2 protein chains.
Amino acid sequence: MKASDKVYESLRRDIVEWRLSPGTVLAEVEQSARLGVSRTPVREALARLVADGLAVQQRGRGAIVSEISDTHVEDLFVLRRALECESARLAARSTHGADFALLAQRFETAAQQLRAEAATEGYYQLVSELDEMIDGAANNTYLSSALRTLRVHLQRVRRLAKDNPERLLESAGEHAAIARAIASGKPEVAAAATTVHLHQSLEHIMTHAVATERTP
Amino acid sequence: MKASDKVYESLRRDIVEWRLSPGTVLAEVEQSARLGVSRTPVREALARLVADGLAVQQRGRGAIVSEISDTHVEDLFVLRRALECESARLAARSTHGADFALLAQRFETAAQQLRAEAATEGYYQLVSELDEMIDGAANNTYLSSALRTLRVHLQRVRRLAKDNPERLLESAGEHAAIARAIASGKPEVAAAATTVHLHQSLEHIMTHAVATERTP
DNA sequence: CGCAAGTTATTTGTATACATTTCTGCGAAG
DNA sequence: CTTCGCAGAAATGTATACAAATAACTTGCG
């Protein structure tokens, strides 16, 4: 693995997991010293972060971690709805129905399991499996690419709201509904189920958002 | 302006205007010699092109200009429809109605003008004005960002179909319809008008696509 | 004659030195 | 006391040298 990739991954994780707060200055020399590589790979990594929108370039002062406000979260979900609904429609028109039927069942059993114990880790794994399967079934590189960059931002936003067992249970049901709609080949139902899920998701985040502590 | 920006712009233009065919190898040393700068800014420019999707990185052989097939064009328009319809909806809900009414009129006069003479250049300027105004009215940074990268690819695709006076005339009418729908604050009509326009656009490209000459 | 392994040669990846721009702090003038 | 401007310092932008990896060629063997 290239050093620039390692630096990029490291910084990306630090940003989406809120170890680097918005407004933090990412100076090239400072980061290269911290991570033990020269400025060149650091510079490359910072350029990628700026391209992703996780940082914004300032003239003369390097890159700073980008801000996230309530408005940003709402804007993000508008884009997310447009992209994921379209993906769901395309997936519903694909020939991978059987796979999604299986996934729907797994979500239902996961829901039952979530009633008993908090299996958070495995559940998130299942969600990303569904995401990837929809991506694959939609079979559109440009859409997948747009979703990939979007999901980086979503990871960061997700940390704003604390995990909540009840919400996870609801979420499992919503995901099962999406998978079932795709499995039965109903594009508009799949899109509607996605809209419902995203609406609930956004609602949860906006009401359960923790104050973003800022380092003064 | 930074040297890396100049290199990026130069290469981007060369790719979207088909002076660099798909599959062309963009070697760092070769490009740095051609453009009279060192490898560092060239390398940065190539990374940006890869991030945009205009080039794909190959290990050991540098970056090559990405391919565009019929499938890619269709995929591109699926994403375009999702994004531009959403933008049009948001714009229709904004308070910039009067601006769009004015723009609608300009499209109608442009249509009359296009019947008399081929004012291609000014017309494309008008189209991009509408795009920018919709972007501004939608007021969503993530959506704008996604559209910006999308439009780079669209510029490239547009060169596949030769300019055609009749199509331009139809296009002017379709754009006027979009602007009117936004001006009158009707989100779903605006989205529908956008869908119609994009459908016609894609149809035109697919039927009038010129064979992409490949340098052997 | 074909295949494979070793070798060479080219290309990318990284480090570092230098140039240029920009921020910051101090001082003087208004 | 505020504001403008200059000088120093520190950061980014660029060039180049070196290291590592990979592709292509050559040569030897089956």
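Small disclaimer: the values here were computed from a predicted structure and weren't measured.
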Would you list the atom pairs, donor with acceptor, under 3.5 Å between side chains in residues 48-63 of chain A and any protein atom, with sequence neighbours excluded?
from: A:R48; atom 1: NH1; to: A:D5; atom 2: OD1; distance (Å): 3.0
from: A:D52; atom 1: OD2; to: A:Y8; atom 2: OH; distance (Å): 2.3

For B:E30, the side chain to side chain contact (heavy atoms under 4.5 Å, CB included) test, sequence neighbours excluded, returns B:A27
Treating primed atoms plus P, OP1 and OP2 as sugar-phosphate and everything else as base, which nucleotides of nucleotides 13-23 of chain D get B, S or - for protein heavy atoms under 4.0 Å? BBBBB----SS
Test: salt bridge (charged side-chain N to carboxylate O under 4.0 Å, His left out). Region: residues 95-106 of chain A. Which pairs qualify, not counting sequence neighbours? A:R106-A:E129
Spacing of B:Q31 atom CD relative to C:dT12 atom P, expressed in whole Å: 10 Å
Once side chain to side chain contact (heavy atoms under 4.5 Å, CB included) is applied, do any residues pair with B:D14, and if so which ones, sequence neighbours excluded? B:S10, B:R19, B:L20, B:R34
Salt bridge (Lys or Arg N to Asp or Glu O under 4.0 Å) partners for B:R13, two or more places apart: B:E17
Roughly how many Å is it from CD in A:Q58 to P in C:dC23, rounded to a whole number? 9 Å
